[in-house]
Amino acid sequence: MGIITKRSSKKVRANEILIRLKRLYPDAVCSLDYETPVQLLVAVILSAQCTDERVNMVTPKLFARFPDAIAMANADLDELMELVHSTGFYRNKAKNIRGACEMIMRDFDGKVPNTMDSLLKLPGVARKTANVVLAHAYGINAGVTVDTHVKRLTKRLGLTKFDEPLKVERDLMSLLPQRDWENWSIRIIYHGRAVCNARKPACDRCDLADLCPSAPKT
DNA sequence: ATCCCGAGGG
DNA sequence: CCCTCTGGAT
């Protein structure tokens, strides 16, 4: 089989998986709670190595105390650390949140930037965070959000052989239509939480098993 | 490659 | 105890 055929059949399979995911999780949405682009940015920074559920437990108080970029840029670091403590990595997260908001005030006219290059200048922001903010705050599909779930499932599904997030992202960008990049990630994450979890994937009740090279043959 | 870090599951 | 949870910087 030639390389072209091999790649296009992989694309066909990726898009079949996409169709199934839409059917399985028709109402999937970003599960972080936020009102504004800055609040989304902060919530995504907090979500590192932490469940969205826990992030949503701390953000109500956090956003009540520091509602916008001005407030967070001028926040007392110790108070900020205390408010985000239970999400883990609280020192770095507090510093990054304040640092990012300082930069937003100083260099970006008080608004969360809407380009990948600018977002990547913010402390604590790399492609994963930038992709989420661009997609959900601005409706811009700059790339595919690759987190631990997306990486794990994409690899198990045989759609990438890489571990590096950027290479996984490039593979997905070449396989999926651009308009579906973000909903792929959201639904893959749902599936990763509900069925294809890290420790013990439930292949026996997985609706993607027949399309998955990692599932046991029945 | 290693560090940051809390919380929950097994 | 070890692993994992929507990562990023050094």
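Owing to the predicted nature of the structure, the values given are computational and were not obtained by experimental measurement. Lettering of chains follows the sequences in order, A, B, ..., and the numbering in each one begins at 1.
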(message) What range of DNA chain B does chain A touch, first nucleotide to last, counting atoms under 4.0 Å from its heavy atoms?
(response) dC4(B) to dG9(B)
(message) Any non-hydrogen side-chain atom of L119(A) less than 4.5 Å from a side-chain atom of T129(A)?
(response) no
(request) On DNA chain C, reading 5' to 3', which nucleotide is the first and which the last to sit with an atom under 4.0 Å from a heavy atom of chain A, could you check? (result) dC3(C) to dA9(C)
(message) Could you tell me if the side chain of V150(A) sits less than 4.5 Å from the side chain of L172(A), heavy atoms only?
(response) yes
(request) Any pair with a residue in residues 96-108 of chain A that passes side chain to side chain donor-acceptor pair (under 3.5 Å), sequence neighbours left out, goes on the list, sorted by first then second residue, please. (result) none
(request) List in numerical order all residues of residues 25-50 of chain A for which some heavy atom is under 4.0 Å away from an atom belonging to DNA chain B. (result) Q49(A)
(request) Any ring-ring contact (aromatic ring centres under 6.0 Å, His included) involving residues 54-110 of chain A? Give me the pairs, sequence neighbours left out, ordered by first then second residue. (result) H85(A)-Y90(A)
(request) Indicate yes or no: at least one non-hydrogen side-chain atom of P165(A) is less than 4.5 angstrom from one of R127(A). (result) no
(message) Would you measure the distance from the P atom in dT6(C) across to the matching atom in dC3(B) and give it in whole Å?
(response) 24 Å
(request) Pull out every residue in residues 187-209 of chain A that has a heavy atom closer than 4.0 Å to any atom of DNA chain B, ordered by number, or say none. (result) R199(A)
(request) Mind running a 4.0 Å heavy-atom check of residues 110-134 of chain A against DNA chain B and sending the residues that fall below it, in number order? (result) none
(message) I'd like to check the side-chain contact (heavy atoms from CB on, under 4.5 Å) partners of C212(A); sequence neighbours left out, ordered by chain and number.
(response) L157(A), S214(A), A215(A)
(message) Test of understanding: with ring-ring contact (aromatic ring centres under 6.0 Å, His included), list the residues that count as partners of Y25(A), not counting sequence neighbours.
(response) Y190(A), H191(A)
(request) Go through the structure and list residues passing side-chain contact (heavy atoms from CB on, under 4.5 Å) with A202(A), not counting sequence neighbours. (result) V195(A), D204(A), R205(A)
(request) State which residues pass side-chain contact (heavy atoms from CB on, under 4.5 Å) with E16(A); sequence neighbours excluded, sorted by chain then number. (result) I19(A), R20(A), L211(A)
(request) State yes or no: do M173(A) and L120(A) share one hydrophobic cluster built from I, L, V, M, F, W and Y residues joined by side-chain heavy-atom distances below 4.5 Å, directly or via other members? (result) no
(request) Check each residue of residues 81-99 of chain A for a non-hydrogen atom within less than 4.0 Å of any atom in DNA chain B, then write out the ones that pass by number, or none. (result) H85(A), S86(A), G88(A), F89(A), Y90(A), R91(A), N92(A)
(message) Count I, L, V, M, F, W, Y as connected when their side-chain heavy atoms are under 4.5 Å apart, and connections chain through other members. Are I188(A) and F162(A) then in the same cluster?
(response) yes
(message) Side-chain heavy atoms nearer than 4.5 Å, only ILVMFWY residues, links allowed to pass through others: does that put L40(A) and I189(A) together?
(response) no
(message) Is the shortest side-chain heavy-atom distance between T154(A) and V146(A) below 4.5 Å?
(response) no
(request) Can you see which heavy atom on S31(A) is nearest to which on R193(A), and at what distance? (result) OG-NH2, 3.6 Å
(message) Using every non-hydrogen atom in the two residues, find where E182(A) and N131(A) come nearest and quote the distance to one decimal.
(response) OE1-O, 4.2 Å
(request) Identify whether the distance between the nearest side-chain nitrogen and carboxylate oxygen of D180(A) and K22(A) falls below 4.0 Å. (result) yes
(request) Determine, for D163(A) against K151(A), whether the closest basic-nitrogen to carboxylate-oxygen distance falls under 4.0 angstrom. (result) no
